[in-house]
Every structure is written in C-alpha cells, then in structure tokens.
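Worksheet for the structure shown next.
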Protein chains: 2
Amino acid sequence: MQTRVKSVRALARGLEVFKALHHHRSASLQELHQDTGLAKPTLLRILKTLEEGGIARRSASDGRYRVSASVRFFGQNLGEEDAIAELAAPVLDRLCRDVIWPSDLAVYKEGAMEILESSRHQTPFMVNRDRIGFRVHMLMSAMGRIYLAFSPAAERRAILMRLSRSNDPYDHAARNPSTVLADLAKDRARGYAVREAGYGRWGYTDRSRAGAIAVPVMQGRRVLASLSLSWAAGATTREQMVDQHLDRLKSAAAEIGTCLPAPAA
Amino acid sequence: MQTRVKSVRALARGLEVFKALHHHRSASLQELHQDTGLAKPTLLRILKTLEEGGIARRSASDGRYRVSASVRFFGQNLGEEDAIAELAAPVLDRLCRDVIWPSDLAVYKEGAMEILESSRHQTPFMVNRDRIGFRVHMLMSAMGRIYLAFSPAAERRAILMRLSRSNDPYDHAARNPSTVLADLAKDRARGYAVREAGYGRWGYTDRSRAGAIAVPVMQGRRVLASLSLSWAAGATTREQMVDQHLDRLKSAAAEIGTCLPAPAA
DNA sequence: GTGAGTGTTACACCAGGTGAAACTTCGGCG
DNA sequence: CGCCGAAGTTTCACCTGGTGTAACACTCAC
C-alpha cells in the first residue's frame, strides 16, 4: 500500500502559493516571492493559472492578488460529518492494528445510522460488506442503540417517534417505547451496546452472522457518533470481546471526541 | 498590460481534478479518469499531491477520493464585500472606458465607507491616491451620503448616532441630525449625491481638489454599496458631469446590483 | 535627474511531467 | 477453486513544459 507514486512539484507549488494568498488577505508579487521563495516568473505563471481557474484574482486598481470569492463555495458541500470522518480515519486505522477485528464509525442521519468510516478492508475477516454511506437500523444495531442511549431525552423521543412512523418493519419496535427505553437505559448505564449474531428482540431476528459492540463518541455532553467493533460469530464471544477490547475501543472514541472540530450548528 | 505569461499546465490539471472531486462528493480513480480525460498515472500523481497539500484525502475503507474537510476554512476569510468587489471590477473597468474619469466602489463598514475597487489607475488623471481599503468619511463624501440616503431609516439613525460619538471632527455634523437628514432626503429624491471641490457644509470645508458624484448600488431595496465618479476641480463642472455621465454611472450601478450574490447575513 | 524597488519578458537548459504498456490486485461468477 | 474482467499501480523512455537567470520596463521617492 505504501505507494511510490511521485507527486507533481508544479502542482504542489501552486497550492503553496494559493495558501500563501489565503494567509495574507491580499499579496503583491514581491510579498509572495518573499513568502514562498519562488522565483517571480514562476509566481507570475502560477498566479495566471490560478486566475484562469477562478481561484485567484488580481485587482485592477492596486496590482495585488487575492483569493477569488468563488472559493467561498468550495466548503459548502462539506458538513461536520466529513470532518469527523477525516479525523477518525487514522484512529480507526490504529485501532484496527491493536484489535484484529474491524470497526465502523457512524453518525445519526434521517432515521438511521450512516457509516462514515470503516476499517473492514484492513482485516482479513470479511464480516460484512457495509460501505461508507451504508445506513444501519437504529434499533437492530449496537451503533444505533448506543447513539440513542446517549442522546438527550428530547432527541431520543423525536427519533423514536420518527422510527415508529417508518415503513421499515425493523423500526417498528419503536412503537413500544417503554421496552426500548428500558433497554437503552441499561446500555447507557454500562456505557456500551451489544448486538450479538442472531440478535432477536422485540419480535424481530437479525440474520447477520456477526456480533458488534458499540460505544458513543462524545464531544463534551453531546453524542457525535458511534464507534463499533464487529466480530464473526463463532470465532469469538461477546464476553471475550468486551474483556479484551472494550477499553481500547473507548479510548479510541475518546480520542476522536477530543480532537473535534468546533461545535457547529 | 495584456500579458503573454504562460500558464502552468500541471497546475491547471490539478485544479481541474480538484473541481471534479468537488463536483462529485467522492470519486474513484476510474471516475476521475472518465470525467477529466487524464491518464490514470497522471491522476495518481495529482491526487497524491493534493493529499499532501491537505486538499484531498483518500478514504482508507473504500479507496475513494474526497475533498478534505479543511477546505471548509478556505472561504471563511472572505465576506460579501469580496464578492461585490470581484463582480464590480470589470464593470468599473468598462465604465472608465466610456467616461474618462475614475470611479470608486465602496461599502459601509464601521463608521466609514471603505473602498473596495477603483479605476483610478486606468485614467491619466491622478485625482487622488485613495487605495483599496481606504476609509472615507460618511458625511463629507458623496459616497457616504448617498449610502445613508438610501439606507433604511433605522440603519441611518444608527449610523448617525455612531458618527456623533466619533472622535473625528468631520463626523460631528451628525450631532445636528435635522439638517443632515434634510440634505439626505434631497439626495434620495434626485438619486445621487455630490461633493464638489472645496465642499463646505455644516461648519467644515473639504480640502480636496476633486469633485465627486455618487449613486447607490441597490440589490432590490437594499443598498449594497456606493459607486462614485470623480473629477479634477477646474477641468470640468458638476453640471457637465451630471449631464454627460450620470446615466452611465447609474447603469453601471444597476449592472453590479443585478448580478449580485445571494443575499447573505 | 537618479536610483532603488517592483513587475514583466526572453531565452536556453534539462528536470520533471507524461502516458503507453506491462503488471498486480480485487471481486464476481460458474 | 480457477477463470475472467475491471480497477488500480508501477515502470520507463520520450520530450514537452516548467524553471530561473538575466535583461528589460516601469513606478515612485528623494
């Protein structure tokens, strides 16, 4: 995997100039020259290219270069989830080295947990094929349940309400909230949720051949996401997983939670 | 001025790949290959470079490339003003070709009009040396007065209040609001404001050797900015300027106002 | 005017970018 | 389990395209 692909120096320089331009709010050729150490003709060519690409502009009145206003739209496709996913990726990676089994990171989105990152590919065990963007049921998964368990009461209620109106039969357990809430309280108390292979509850049975434990990723008091660890049914047991790996899983969740982005909307 | 500086193809390609990546929310190498027409080894190198630059990332779980979350911060230095300035630049440019005299574009900011763009450099007449970022008094300038004249009453009141507390003696005319408001009403009625060379009013005299007329740049009912036209005292008169160029000035302001950005906060 | 500082152009060298082709890896299917 | 096709990766030789020096043009300060 360690690639020996070369990088493109000309492009790297261009990015460097862009960053310098972003750093100063506006800059003259001379300033960029001093800041980046690039020769002025080189800068002239780079800036020309950035201009043509709509990334930079040169004001006609003073000759100074600025970042183009169109750059404002670059970030707007990206949500907090992307930041979490990016931040979590290396943590998942290390976690997967310590613990052989794969783990997933998911956030709540519109009635289900959506997987942001995963370390499945890194393990020899093909527990399942869930990909990024895959949506996991709230009540039939460890990740969904631990998210609910650590949500503020109002949000929890709202989510359960939504699930009870869902078309998906797996969500219908939410129509019997008292049982569900009792279970969630237990998960909350012990700090993790479990879904064993063949998990059956509330009238439905899970057909997966994998088990999973999940812990919340907290930013202060707020649940950002769920982090889970899966194992193949038969290869090991829930008790072993909890004994051996729960602490490590929790520390990974803590790590993701602490080096968090600013609390957005 | 028409430069024959070459652009850097490698950089242009890199930007193209970034844009493709931004367009799709995530993309595989193959997709980028089809989308951009670039050879896969080339893409591999470019993507490596973008990753090293913190612009893109490759998810470890699926092999797909995404725009890095750090890109979110690129736009945050930029305000609506930057968009206005960028949009206005070519309009000012054309205006200056039709009318020989230089014009300025300014927005209200913290008790003064701040110049965003100017076409002074393009004319032989060095009327004055105001640069981008230069701050112009609200009451002693045509730009400031026309901005006030077209502001909603509440904002106008707030600005005058602020000026009356200012340390700058030029702002103190605001302490006598009834006179000022009467003058602003006249400017509003005729649609433009004037400051002639040696302009004296409210107990203070302008020392500039230039005259100026200004019109508002409207976005619907909202004043975005002021657009002004300056001339050298003695070279021409206010009447001539109004007769010959006011319509052109207004059309330029309208042009800026219509191809506006989305109404932000 | 003179001179320092900045922006621009010309040019010749050759590092560095490029893509065809070969190779590897992966996932699906029978 | 082995075949196959598709996607990703590496190699490598060609030669364009990126590079910086040096010369030039311009603006401003004094």
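Reminder, nothing fancy here: chain letters follow the sequence lines and each chain counts from 1.
Map G63(A) and L11(A) each onto its nearest nucleotide of DNA chain C; the residue landing nearer the 5' end is G63(A). With the nearest nucleotide of DNA chain C identified for both L38(B) and K40(A), K40(A) has the one nearer the 5' end.
Taking side-chain N and O atoms only, R58(A) has a distance below 4.0 Å to OP1 or OP2 of dT8(C). The side chain of T42(B) places an N or O atom within less than 4.0 Å of a non-bridging phosphate oxygen (OP1 or OP2) of dG19(C). Contact check, R13(A) against dG20(D): a side-chain N or O comes under 4.0 Å of OP1 or OP2. Contact check, R64(B) against dA7(D): no side-chain N or O comes under 4.0 Å of OP1 or OP2.
H137(B) and D171(B) form no side-chain donor-acceptor contact under 3.5 Å, judged by distance and modelled atom types alone.
For V8(B), whose side chain is taken as the heavy atoms from C-beta onward, the closest listed nucleotide among dG17(C), dT19(D), dG20(D) is dT19(D). For A10(A), the side-chain atoms get nearest to dG18(D) when compared with the rest of dG7(C), dG18(D), dT18(C). In the set dT9(C), dA21(C), dT19(D), dA21(C) carries the atom at the smallest distance from any side-chain atom of P41(B).
Taking five base pairs at each end of the helix from dG1(C)-dC30(D) to dG30(C)-dC1(D), the local helix axes there meet at an angle of 40°, rounded to 10°.
For F74(B) and F74(A), the ring centers sit 6.0 Å or farther from each other.
The stretch residues 23-37 of chain B touches DNA chain D through S28(B), L29(B), Q30(B), each having a heavy atom within less than 4.0 Å of the strand.
Atom CG in L47(B) sits about 15 Å away from atom C1' in dG17(C), given to the nearest Å. Between the CZ atom of R45(B) and the P atom of dT11(D) there is a distance of 12 Å, rounded to whole Å. The interatomic distance linking L44(B) (CG) with dT25(C) (C1') rounds to 14 Å, in whole Å.
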